[in-house]
Amino acid sequence: MSNAPDRNIGLELVRVTEAAALAAAPWMGRNRKMEADKAAVDAMRLMLNTIEMDGIIVIGEGEKDKAPMLFNGERLGKYNAGWDVPKCDLAVDPIDGTRPLALGLPNSIAVVALAERGSMFFPGPIVYMDKLAVGPEAADVIDLDAPVADNLSAIAKAKGKAVTELVVVVLDRPRHEQLIAEIRATGARLKLITDGDVAPSIAACLPDTNIDVLMGAGGAPEAVISASALKCLHGEIQARLYPRDEKEKKLAEEMGYDTKRVLTCDDLVKSDNVFFAATGITDGELMRGVHYAATRATTESLAMRSSSGTMRRIIATHRPEKLQQILSDQKERLAEREKDA
């Protein structure tokens, strides 16, 4: 990173996602999405402000004054004038899979990605992107413009499998009726999910997850977050802006966006020094969620860095009352800093 010793911020980011996951987990199955999101956002914001960096949220949850969101353009980090700290772009999702968490379903995670300032793609007014994500074996053979059958045949060949052995993950949405029909016509196996396509994008890069490819239109911010992880894992995501209607398409084009262009990992995150962290909130194929015992909570997290190609799987045990004290102390320090400013 620029302007600072090249430390592994990724391990510091794990503390951020752990805090968000621990704050959100008590809301599992209670069907109170706003309360869960606020708890995760507050914890993530407080912990991000303990990291020595000058961070700007490029991929957040919305615009300023839309509490409790971590908003696009928000400046975070522990810094003062003259400090030699890295200037960073941040992509955050305190809960990727808010509805699964609210309903007690699998694959809800907390995620943060960080890269050098100016390197992350901002999708502007476009909420969705059409996506195709695979692991390293098939990174060079996919083509978002090609027919579904051609892509699955190429992926299967690259992975040394039959098409009928592939598992394709798709968000269960009406807009995917044709895509689902085309996948089924190839004989490939299909896994429909309710929400949260970051976890399956990552899972497609890892052995023993039983996921080979993610297809279909999902959140545009999640495409950038997924690209951050896939750069660390040498996978690939191809994505294209997916306007919901002509009005959204016209607005994007007026702002200079090319809605026909296929974007790759390197377009979505230009930096070669990317950090990524994720912690499970509910159990899933990628990670276990938060588990409780009498006096402790256990989390499972991933920490990755693109420049080294390192992925760490971290199992941690926490004393919940200690986390609450840390968050309380940090909140007081931030209040004092704002007061002095």
Side-chain angles (χ1 to χ4, degrees), residues 1-2 10 55-60 72-73 86-93 96 111-146 148 150-151 154-155 158 169 171 197-202 204-205 213-244 248-276 278 304-309:
M1 308 300 294
S2 58
I56 298 290
I57 294 182
V58 176
I59 300 297
N72 299 333
K87 298 183 185 299
C88 311
D89 282 352
L90 293 168
V92 303
D93 199 343
D96 181 50
V111 294
V112 173
L114 180 150
E116 293 163 275
R117 179 71 54 81
S119 62
M120 286 185 175
F121 179 83
F122 176 59
I126 304 296
V127 176
Y128 294 111
M129 283 186 175
D130 195 16
K131 309 173 192 176
L132 176 56
V134 294
E137 303 94 336
D140 296 328
V141 303
I142 58 172
D143 180 358
L144 191 61
D145 288 326
V148 169
D150 290 357
N151 271 308
I155 293 166
V169 175
L171 280 166
D197 61 9
V198 173
S201 296
I202 298 170
C205 295
V213 55
L214 172 91
M215 286 183 160
E222 286 80 2
V224 180
I225 293 172
S226 296
S228 301
L230 268 59
K231 287 200 80 165
C232 299
L233 295 168
H234 303 290
E236 183 60 273
I237 183 171
Q238 292 187 5
R240 179 169 42 225
L241 295 171
Y242 185 91
R244 291 172 292 180
E248 192 171 84
K249 180 180 178 182
K250 183 178 179 181
L251 177 60
E253 290 174 347
E254 288 174 351
M255 295 176 66
Y257 288 92
D258 183 353
T259 58
K260 296 180 180 180
R261 180 187 175 195
V262 175
L263 303 165
T264 66
C265 268
D266 287 337
D267 296 313
L268 295 169
V269 187
K270 295 178 181 177
S271 174
D272 290 323
N273 195 16
V274 182
F275 299 87
F276 178 90
M304 311 182 209
R305 185 180 187 182
S306 64
S307 64
S308 65

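Note that the coordinates shown come from a computational prediction; the quantities given were computed from them, not determined experimentally.
Here the shortest heavy-atom pairing between Cys205 and Gly235 reads SG-CA, 3.9 Å. In terms of heavy atoms, Asp267 sits closest to Phe121 at O-CB, 3.8 Å. Pairing each heavy atom of Met129 with each of Ala239, the nearest pair is SD-CB, 3.7 Å. Here the closest heavy-atom approach between residue Cys265 and residue Ala227 is recorded as SG-O, 3.9 Å. For the residue pair Ala115 and Val274, the shortest heavy atom distance occurs at CB-CG2, 4.3 Å. Considering every non-hydrogen atom in both Asp96 and Ala199, the closest pair reads OD2-N, 4.2 Å.
When the options Leu171, Val169, Asn151 are evaluated for a side-chain contact (heavy atoms from CB on, under 4.5 Å) with Met215, the one that passes is Asn151. When Leu230, Ile237, Ile225 are each tested for a side-chain contact (heavy atoms from CB on, under 4.5 Å) with Leu268, only one passes: Ile237.
At a threshold of 4.5 Å between non-hydrogen side-chain atoms, the residues Glu236 and Leu132 do not count as touching. Residues Val198 and Asp93 are not in side-chain contact: their nearest non-hydrogen atoms beyond the backbone lie 4.5 Å or more apart. Using a 4.5 Å cut-off on side-chain heavy atoms (C-beta onward), Tyr257 and Ile126 make no contact. Counting heavy atoms from C-beta on, the side chains of Gln238 and Asp145 never come closer than 4.5 Å.
From Cys88, atom SG reaches atom CZ of Arg117 across 7.0 Å, with rounding to the nearest 0.5 Å. Expressed to the nearest 0.5 Å, how far SG of Cys232 lies from CZ of Phe275 amounts to 8.5 Å. Expressed to the nearest 0.5 Å, how far CD1 of Ile59 lies from CD of Glu222 amounts to 9.0 Å. The line from CG of Asp258 to CG of Leu263 is 8.5 Å long, rounded to the nearest 0.5 Å. Here the CG atom belonging to Asp197 is positioned 10.0 Å from the CD1 atom belonging to Ile202, to the nearest 0.5 angstrom. Taking NZ from Lys260 and CG from Leu241, the interatomic distance works out to 13.0 Å, rounded to the nearest 0.5 Å.
Side chain of Lys270 to main chain of Gly118: no donor-acceptor pair is present (N/O by atom type, distance under 3.5 Å, no hydrogens or angles). Asp89 places a side-chain N or O within donor-acceptor distance of the main-chain N or O of Met120, the cut-off being under 3.5 Å.
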**Report entry** side-chain contact (heavy atoms from CB on, under 4.5 Å) between Asp143 and Asp150, worked out
**Finding:** CA-CA 9 Å; Asp143 180 358; Asp150 290 357; over 6 Å; no
Requested in this report: Please report the C-alpha distance between Lys231 and Asp272 in whole Å, then the side-chain angles of each, then the deciding distance to 0.1 Å, and finally whether the side-chain contact (heavy atoms from CB on, under 4.5 Å) criterion is met.
Outcome: CA-CA 8 Å; Lys231 287 200 80 165; Asp272 290 323; 3.6 Å; yes
Requested in this report: I would like to know whether Asn72 and Phe122 meet side-chain contact (heavy atoms from CB on, under 4.5 Å); could you show each step before the answer?
Outcome: CA-CA 9 Å; Asn72 299 333; Phe122 176 59; 3.8 Å; yes
Report task. Begin with the C-alpha distance, continue with both residues' side-chain angles, and end with the deciding distance and a verdict on side-chain contact (heavy atoms from CB on, under 4.5 Å) for Glu248 and Val127. Result -> CA-CA 9 Å; Glu248 192 171 84; Val127 176; 4.1 Å; yes
